[in-house]
Protein chains: 2
Amino acid sequence: MTDGVAERSRPRDRILETAQDMFHKHGIKGVGVDAITEAAGTNKMTLYRHFESKDELVIECLRATAAKASRIWDEFEARHPGDKLAQLHAWVQKASELLSVDSRGCDMANAAVELTEADHPARRVIKELKEAQREKLVALCRDAGIGQAELLADTLSLLLEGARVSMQSVGAEGPSAQFVRMAESLIASFRAR
Amino acid sequence: MTDGVAERSRPRDRILETAQDMFHKHGIKGVGVDAITEAAGTNKMTLYRHFESKDELVIECLRATAAKASRIWDEFEARHPGDKLAQLHAWVQKASELLSVDSRGCDMANAAVELTEADHPARRVIKELKEAQREKLVALCRDAGIGQAELLADTLSLLLEGARVSMQSVGAEGPSAQFVRMAESLIASFRAR
DNA sequence: TCTAAAAGTTACAGACCGGTAACACCCTAG
DNA sequence: CTAGGGTGTTACCGGTCTGTAACTTTTAGA
C-alpha cells in the first residue's frame, strides 16, 4: 500500500516532486496548491512552511527539472567519454526518445508561455537556465570539432523546441516526427564544410 | 477621444478583437471575461449573448487569428504572382519580421501549451488550423520545385515554432536571432540536391 | 523519557473566476 | 410614433484560488 508518488520521504521532497509532475502535466495555472499537497499526501500549511509562495515553488521545480536534465548530460559523458561527436549524436537520440515518450515538452518553455507578466520572478530563472543549456550545447558542438558551433547549436535548439511545442498542437504525427532525420542531416552538413 | 481598441463598431466585433489582443498578450488563463468586456467598452452580459462560453470565444479568436495569417499568404501571391520560390523567401522574411516585432509567438501553439485538458474543445480546432497551415507550406515548397517538399516544410515549421517559443524564454538575442540565416541556408541546401 | 521541532487539522479571509437573472434603456425599422 | 431587439446596469450564485491563524498531534533526538 505505497503512496505511489509519495513513499516515505520528507514532505518537502514529496511536495517538490509532486509539484514538478503536476505542473508538467497540467501547467502552472492549471493546478492549485491544494491539489498538489493532497497528491503529495500532505497539506497546504506544510507547503507554505517550506516555500514562501506558489511562485517560489514554481522556481524550485524549474531548478529541479534543470538539474535532472543536467544529469542526462552526465550520462552522455559517462557513456562516450571524451568522444564529443558521439555525445552529440546521443543528445539527438535522447531528445527524440523524450519526444516519443512525453508529449508535454519543456517545462521552462511552457512556463515562459504561461507566465506572461514581464516581471514574474520565474522569468529570470527560466532565462538563466536556458542560457546555461545553450552554452552547454554550443560547447559540445565546438568540442565535437564543428566549425560554426554556435549556429549548429542554435539550430538544433530551435528544432527541438519547435518539435516539443509542435507535438502539443498537432500531435506526434506532425512535423516533429521527422526530428531525428532533420537533426542528423543538419549535423552531417555542418561537418561536411 | 477615440476608444483605441473600440472605435464605433459593433460590440461583438469589439469583443472579438479585444479578446484576440488580450489572449495574445496575457494568455488565455491570464485574462478574465470581465477584463475583456471592460477593455472592449461593453459588459459581460453582452459577451454571453454573442458567445456561449469563454471557451467558445477562445475558439473564435483562434479562427480569426488563422484568418489573418491566411491574408498574409494572399499577399505573397499578390506580390510574387506565380513565383512560388519568391513566395517562399517572402514567407521567411515575413516570419522574421513578425519575430522582431512581437515576442509572444503563435496564438495556437501558446493555447495548446496552456489548455492541457486532452478534450478541451479548442484543441481540435488548433490541430485543424495547424494542419491546414502545414499543408499550405508543403504545397508552397513543392510548387517551388523542391524535391523533399514535406521535409523542408516541416523543418521550416519547427524552426519557426522553435524561434517563437525560444523568444519567450530566452529573449530575442537567443537562438531565434539566427532564424533567417538558418531558414535561407536550409532552403538553399534543399534546392541544391 | 522528556522536549522541541515538524507536521497535520480546521477554519477562514479576501480576491477572482465563469456564468446568469432581472430590469432599464436606447435606437432604429416599420 | 411605436414596437422590439440590441445593449447597458446591477446584483448575485457557486466555485476556486493563494495565503494565514490557531491549535493539536506526531516524530525524533538528547
Side-chain angles (χ1 to χ4, degrees), chain A residues 1-20 22-23 25-62 111 114-117 119-123, chain B residues 1 3-20 22-23 25-62 111 114-117 119-123 125:
Chain A
M1 195 150 122
T2 57
D3 255 14
V5 179
E7 290 300 320
R8 266 322 104 186
S9 52
R10 292 199 153 130
R12 187 182 196 279
D13 298 332
R14 277 181 284 152
I15 289 169
L16 201 55
E17 198 174 338
T18 308
Q20 267 185 269
M22 295 184 75
F23 286 150
K25 282 181 187 155
H26 311 113
I28 293 167
K29 295 189 180 173
V31 50
V33 291
D34 273 318
I36 293 171
T37 55
E38 192 192 328
T42 178
N43 55 73
K44 197 158 47 168
M45 269 314 302
T46 299
L47 186 151
Y48 280 105
R49 284 185 190 114
H50 289 287
F51 305 93
E52 57 175 36
S53 67
K54 182 185 179 182
D55 285 347
E56 213 56 45
L57 173 62
V58 167
I59 288 172
E60 289 299 309
C61 285
L62 292 175
E114 258 192 294
L115 308 175
T116 61
E117 304 98 331
D119 61 343
H120 192 289
R123 293 198 73 86
Chain B
M1 202 154 126
D3 257 13
V5 179
E7 291 297 323
R8 266 321 105 184
S9 51
R10 289 196 153 133
R12 187 182 198 281
D13 298 331
R14 277 181 285 152
I15 290 170
L16 201 56
E17 197 174 340
T18 308
Q20 266 185 270
M22 295 183 75
F23 286 150
K25 283 181 186 155
H26 311 112
I28 293 168
K29 295 188 180 172
V31 50
V33 291
D34 274 316
I36 293 170
T37 54
E38 192 191 327
T42 177
N43 55 71
K44 200 158 47 168
M45 271 313 305
T46 300
L47 187 152
Y48 280 103
R49 284 184 190 115
H50 289 288
F51 305 93
E52 57 176 35
S53 67
K54 184 186 178 182
D55 285 348
E56 214 54 45
L57 173 62
V58 167
I59 288 172
E60 289 299 311
C61 286
L62 291 176
E114 259 193 293
L115 308 175
T116 60
E117 305 99 330
D119 61 342
H120 192 289
R123 293 196 72 87
V125 177

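Convention: sequence-line order gives letters A, B, ...; per-chain numbering from 1.
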Starting at [atom1] of [X] and ending at [atom2] of [N], how long is that distance when rounded to a whole Å?
{"X": "Asp34(B)", "N": "dA15(C)", "atom1": "CG", "atom2": "P", "value": "15 Å"}
{"X": "His26(A)", "N": "dT16(D)", "atom1": "NE2", "atom2": "P", "value": "16 Å"}
{"X": "Lys44(A)", "N": "dA21(D)", "atom1": "NZ", "atom2": "P", "value": "13 Å"}
{"X": "Glu38(A)", "N": "dT18(D)", "atom1": "CD", "atom2": "P", "value": "14 Å"}
{"X": "Ile36(A)", "N": "dT16(D)", "atom1": "CD1", "atom2": "C1'", "value": "14 Å"}
{"X": "Lys29(A)", "N": "dT16(D)", "atom1": "NZ", "atom2": "C1'", "value": "15 Å"}

Heavy-atom closest contact ([X] atom, [Y] atom, distance):
{"X": "Val31(B)", "Y": "Gly27(B)", "value": "CG1-O, 3.1 Å"}
{"X": "Ser53(A)", "Y": "Tyr48(A)", "value": "CA-CE2, 3.9 Å"}
{"X": "Ile28(A)", "Y": "Phe23(A)", "value": "CA-CD2, 3.7 Å"}

Using heavy-atom distances to pick each residue's nearest nucleotide on DNA chain C, tell me which of Pro11(A) and Gly32(B) is more 5'.
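Closest to the 5' end, via its nearest nucleotide, is Pro11(A).
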Holding to side-chain contact (heavy atoms from CB on, under 4.5 Å), I want the full list of residues that pass it with [X], two or more places apart in sequence or in another chain.
{"X": "Thr42(A)", "value": "Ile15(A), Thr37(A), Ala40(A), Thr46(A)"}
{"X": "Val125(B)", "value": "Ile59(B), Arg63(B), Leu129(B)"}
{"X": "Glu117(B)", "value": "Leu115(B), Asp119(B), His120(B)"}

When you measure from every atom of DNA chain D, which of residues 45-61 of chain B have a heavy atom less than 4.0 Å away?
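Contacts with DNA chain D under 4.0 Å: Met45(B), Thr46(B), Arg49(B), His50(B).
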Would you mind listing every salt bridge (charged side-chain N to carboxylate O under 4.0 Å, His left out) that reaches into residues 45-58 of chain B, with sequence neighbours excluded?
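Output for this query is empty, none listed.
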Output a table of nitrogen or oxygen pairs between the protein and nucleotides 24-30 of chain D separated by less than 3.5 Å.
none

Not counting sequence neighbours, which residues clear salt bridge (Lys or Arg N to Asp or Glu O under 4.0 Å) with Lys25(A)? List them please.
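Result, salt bridge (Lys or Arg N to Asp or Glu O under 4.0 Å) vs Lys25(A): Asp21(A).
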Could you tell me which residues satisfy salt bridge (Lys or Arg N to Asp or Glu O under 4.0 Å) with Lys44(B), sequence neighbours excluded, listed by chain and number?
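So Lys44(B) forms a salt bridge (Lys or Arg N to Asp or Glu O under 4.0 Å) with Asp34(B).
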Is a side-chain donor or acceptor of Glu114(B) paired with a backbone partner of Lys29(B) at a separation under 3.5 angstrom?
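Yes.
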Residues forming a side chain to side chain donor-acceptor pair (under 3.5 Å) with Gln20(B), sequence neighbours excluded:
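Scan of Gln20(B) (side chain to side chain donor-acceptor pair (under 3.5 Å), adjacent residues dropped) gives Thr65(B).
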Could you check which of dG18(C), dT9(D), dG8(C) has an atom nearest any side-chain atom of Asn43(A)?
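Looking only at side-chain atoms, Asn43(A) lies closest to dG8(C).
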Atom pairs, N/O to N/O, protein against nucleotides 25-29 of chain C, distance under 3.5 Å?
none

